Amino acid sequence: DTEVTQTPKHLVMGMTNKKSLKCEQHMGHRAMYWYKQKAKKPPELMFVYSYEKLSINESVPSRFSPECPNSSLLNLHLHALQPEDSALYLCASSQSGSEAYGYTFGSGTRLTVV
Amino acid sequence: KNQVEQSPQSLIILEGKNCTLQCNYTVSPFSNLRWYKQDTGRGPVSLTIMTFSENTKSNGRYTATLDADTKQSSLHITASQLSDSASYICVVSAGNFNKFYFGSGTKLNVKP
């Protein structure tokens, strides 16, 4: 298995809803990432987990809450989002401490906040 | 300041023609450079990964070059196809742990 799987592919949520994005990989990668990508822009790093511990938080608002239950799973919990949070959310994974190979993106979740 | 700049921003070519995309970076210390292809609304897909010691790497019709002295990379696409229409993103990894720098991408449109 050489893929990063993200679910759901599309999500529409209201500003008072609570939802979660899920990311899964079975490549033995020990680093996992969340990115936010707006249209026609490159991905922006949000969070990095290394060995299931949060190692980087790029000053992301608290309405985004990441969770790494185990080395294969990464969640992003969403609460009280704003319409400007609508974007493509990408998950990625890599061999921690060995950036030369294995940095793989998922297909993304298209999030729309209404 | 660590930066990755890509040119051109957008490019239109006819099917069957070749093209070359450019990536200049100031990331230091350099670890590796990746080229990704991203279809609209989809996640980026890796095309090539190059380390400091590699000058050229090919993946089918895609050939990437790296000049670590001038801090430049290029992605050459041969005999373009309609399915090559996408954004191409250059990503440079710094020696810092898990730090990646993204270019803004080149939007390629291949027309019949």
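Throughout, protein chains are lettered first and strands after them, A, B, ... in sequence-line order, and every chain is numbered starting at 1. None of the values given here were measured: they were computed from a predicted structure.
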Evaluate whether atom NZ of K19(A) has more than 12 neighbouring non-hydrogen atoms of other residues, nucleotides or ligands under 6.0 angstrom away. no

OH of Y36(B) to OG1 of T104(A), rounded to nearest 0.5 Å, is 6.5 Å

In terms of heavy-atom contacts, does CD of E5(B) have more than 12 from other residues, nucleotides or ligands at under 6.0 Å? no

Contact origin within Q37(A) toward chain B - heavy atom pairs under 4.5 Å: side chain

Quick check: do P43(A) and I89(B) have side-chain heavy atoms less than 4.5 Å from each other? yes

Where do F102(B) and P42(A) come nearest, in terms of heavy atoms and distance? CB-CB, 3.9 Å

With the 4.5 Å side-chain cut-off for hydrophobic clustering, are V4(B) and F52(B) part of the same group? yes

Looking at every non-hydrogen atom in both residues, tell me the closest pair between G43(B) and L90(A) and how far apart they are. CA-CD2, 3.6 Å

Is there a continuous path of hydrophobic side-chain contacts, each under 4.5 Å between heavy atoms, that joins L82(B) to L108(B)? yes

How about NZ on K41(A), more than 12 heavy atoms from neighbouring residues, nucleotides or ligands closer than 6.0 Å, or not? no

Grab the two heavy atoms, one from R42(B) and one from L88(A), that are nearest each other, plus how far apart they are. O-CD2, 3.8 Å

With rounding to the nearest 0.5 angstrom, report the OH to CZ distance, Y33(A) to F100(B). 4.0 Å

Near E84(A) CD, under 6.0 Å, is it more than 12 heavy atoms from other residues, nucleotides or ligands? yes

Using side-chain heavy atoms (C-beta onward) and a distance below 4.5 Å, is T40(B) in contact with K40(A)? no

